[in-house]
Amino acid sequence: MTTSLRVAVIGASGRMGSTTCAAVEGASDLVLTGRYDAGDELGDLGGAQVAVDFTVPDASPGNVRHCIQHGVHAVVGTTGWTTERLAAVESLLAAHPAVGVLIAPNFAVGALLMMSFAQQAARFYESVEIVETHHPGKVDAPSGTAARTAELIARARLDAGLGAVPDATTSDPRGARGADVDGIRVHAQRLRGRVAHQEVSFGGEGEALTIRHDSFDRVSFMPGVLAGVRAVPEHAGLTVGLEHFLGLV
Ligand SMILES: NC(=O)C1=CN([C@@H]2O[C@H](COP(=O)(O)OP(=O)(O)OC[C@H]3O[C@@H](n4cnc5c(N)ncnc54)[C@H](O)[C@@H]3O)[C@@H](O)[C@H]2O)C=CC1
Ligand SMILES: O=C(O)C1=N[C@H](C(=O)O)C[C@H](O)C1
């Protein structure tokens, strides 16, 4: 008889945390050991082997630190991870070499494919811009997914020897050209009724390529979250991106 993997959820009262609790409870090989939200003492996380964090950018690093120090593997969907914050996780993990931490900007399989396809297409097109659309309750912009996509595209362009994206704009006092993420323009929309959507638009002489992904419901993230939960105990150290567990890179 195999024993169930014990899982705690941090941010359990939120949109993603509550969906994750339901997904864990619906999985026959997992058992939910606790639901934690703002103000709760994490303690030993109810004896969890893996904790899932869907909180806010300023709380997530502290939660991850707590997990590592208690020998609990972590699966993190919260956005806002800077290079410095990732480096701090890596140095703490060096002192806890058996612990695995997965930080994933997006758990939807289609979103991972969209990023991978955009990375593949990047070297063939002179122009590229990203438009991300989310629900109006989202606190951070641009989305973690859009920022990651821009980074991947920028790296692919650099590797291919492409220069800057052509843009004659010299005056934009209101910021109409959007954010500049590693030289790639990113535009963020916040619309009632939407969940999470992204379009990557490429342009070349006489042609266009558009790669689009839509999450219409937060259940779209759950197969990826559960895959991360099941895999992270076998992957000690820090992994950024679920694609590394799915054979996509
Ligand atoms: N990686 C992915 O696939 C996805 C990532 N996200 C990200 O997940 C995060 C959460 O998103 P939502 O669930 O929509 O937000 P939400 O606002 O609905 O939920 C956040 C929850 O965290 C709680 N919280 C705040 N501080 C806390 C603390 N110190 N300890 C414990 N709980 C705390 C809040 O009370 C709230 O219940 C965001 O960063 C979002 O961008 C969202 C969807 C998919
Ligand atoms: O806040 C959200 O909703 C989402 N956040 C993640 C992001 O910032 O990329 C993932 C997905 O887009 C949904």
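Heads up: numbering here begins at 1 and tracks the sequence. In each ligand, atom 1 is the first atom listed, and ligand 1 is the first ligand listed.
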Exercise. Passes salt bridge (charged side-chain N to carboxylate O under 4.0 Å, His left out), Glu132 versus Arg190? Steps please.
Worked result: CA-CA 9 Å; Glu132 56 98 328; Arg190 296 292 174 262; 2.6 Å; yes
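- The hydrophobic cluster containing Leu92, built from Ile/Leu/Val/Met/Phe/Trp/Tyr side-chain heavy atoms closer than 4.5 Å, also comprises Val64, Ile68, Val76, Trp81, Leu86, Val89, Leu93, Val99, Val101, Ile103, Leu238, Val240.
- Distance from atom 33 (C) of ligand 1 to its nearest protein heavy atom, with residue and atom name: Ala38 N, 3.5 Å.
- When side chains are defined from C-beta on, Phe221 does not count as touching Leu242, because their heavy atoms never get closer than 4.5 Å.
- Every atom of ligand 1 with a heavy atom of Val56 under 4.0 Å away is listed here by number and element: 25 (C), 26 (N).
- Closest to atom 22 (O) of ligand 1 among all protein heavy atoms lies Thr55 CA, 3.4 Å.
- Summarising the geometry of Asp182 relative to Ala154, their closest heavy-atom pair is O-CB, 3.5 Å, with the distance given to 0.1 Å.
- Residue Thr79 places at least one N or O, backbone or side chain, under 3.5 Å from an N or O of ligand 1.
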Exercise. Do Phe216 and Val195 pass the side-chain contact (heavy atoms from CB on, under 4.5 Å) test, and can you show the C-alpha distance, the side-chain angles, and the key distance before you say yes or no?
Worked result: CA-CA 6 Å; Phe216 299 112; Val195 176; 5.6 Å; no
Problem set entry | side-chain contact (heavy atoms from CB on, under 4.5 Å) between His135 and His197, worked out | CA-CA 9 Å; His135 56 93; His197 315 262; over 6 Å; no
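- Remark: minimum distance from atom 17 (O) of ligand 1 to any protein heavy atom is reached at Arg15 NH2, 3.5 Å.
- His187 approaches Arg177 most closely through the heavy-atom pair CE1-O, 3.2 Å.
- Contacts of Pro105 with ligand 1, taken as heavy-atom pairs under 4.0 Å, involve the backbone alone.
- Of all the heavy atoms in Ala12 and Arg35, the pair that sits closest is CB-CB, 3.5 Å.
- Using a distance-only test at 3.5 Å, with no hydrogens or angles considered, no donor-acceptor pair links the side chain of Arg148 to the main chain of Asn106.
- Checked options Gln189, Glu199, Lys138; the residue passing with Thr133 is Gln189 (criterion: side chain to side chain donor-acceptor pair (under 3.5 Å)).
- The Asn106 neighbourhood of ligand 1 comprises atoms 1 (N), 2 (C), 3 (O), with distances under 4.0 Å to a heavy atom of that residue.
- Taking both residues in full, the closest heavy atoms of Met114 and Thr145 are given as CE-CG2, 4.3 Å, listed atom of the first, atom of the second, then distance.
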Check: every ligand 2 N/O to protein N/O pair under 3.5 Å:
unit_1: ligand 2; atom_1: 1 (O); unit_2: Lys138; atom_2: NZ; d: 2.9
unit_1: ligand 2; atom_1: 3 (O); unit_2: His135; atom_2: NE2; d: 2.9
unit_1: ligand 2; atom_1: 5 (N); unit_2: Lys138; atom_2: NZ; d: 3.2
unit_1: ligand 2; atom_1: 8 (O); unit_2: Lys138; atom_2: NZ; d: 2.7
unit_1: ligand 2; atom_1: 8 (O); unit_2: Gly144; atom_2: N; d: 2.8
unit_1: ligand 2; atom_1: 9 (O); unit_2: Gly144; atom_2: N; d: 3.2
unit_1: ligand 2; atom_1: 9 (O); unit_2: Thr145; atom_2: N; d: 2.7
unit_1: ligand 2; atom_1: 9 (O); unit_2: Thr145; atom_2: OG1; d: 2.5
unit_1: ligand 2; atom_1: 12 (O); unit_2: His134; atom_2: NE2; d: 2.6

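- Here Lys138 has side-chain heavy atoms under 4.0 Å from ligand 1, and that is the only part of it that gets that close.
- With respect to atom 34 (C) of ligand 1, the closest heavy atom belonging to the protein is Asp37 OD1, 3.3 Å.
- Atoms of ligand 1 lying under 4.0 Å from at least one heavy atom of Ser13, given by number and element, are 37 (O).
- Taking each heavy atom of Val186 and Pro142 in turn, the nearest pair found is CG1-CB, 3.6 Å.
- At least one N or O atom of Gly77 sits closer than 3.5 Å to an N or O atom of ligand 1.
- The distance criterion of under 3.5 Å between nitrogen or oxygen atoms is not met by Arg218 with respect to ligand 1.
- Below 3.5 Å of separation, one finds an N or O of Gly14 facing an N or O of ligand 1.
- For the atom pair CZ (Phe202) and CD1 (Ile211), the distance works out to 5.0 Å, reported to the nearest 0.5 Å.
- Contacts with ligand 1 closer than 4.0 Å are made by heavy atoms of both the backbone and the side chain of Phe107.
- Looking only at protein heavy atoms, the nearest one to atom 8 (O) of ligand 1 is Phe54 CD2, 3.4 Å.
- Between Ala104 and ligand 1, a contact under 3.5 Å exists for at least one N or O pair.
- Judged by distance alone, with hydrogens and angles left aside, the side-chain atoms of Ser18 form a donor-acceptor pair with the main-chain N or O of Gly14 at under 3.5 Å.
- The ligand atoms of ligand 1 that sit less than 4.0 angstrom from a heavy atom of Met16 are 13 (O), 42 (C), 43 (C), 44 (C).
- Distances between N or O atoms of Ile10 and those of ligand 1 include no value under 3.5 Å.
- Using a 4.0 Å cut-off to heavy atoms of Ala59, the atoms of ligand 1 that qualify are 26 (N), 27 (C), 28 (C), 29 (N).
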Exercise. So Leu45 and Cys67, side-chain contact (heavy atoms from CB on, under 4.5 Å) or not? Walk me through it.
Worked result: CA-CA 8 Å; Leu45 289 150; Cys67 291; 3.9 Å; yes
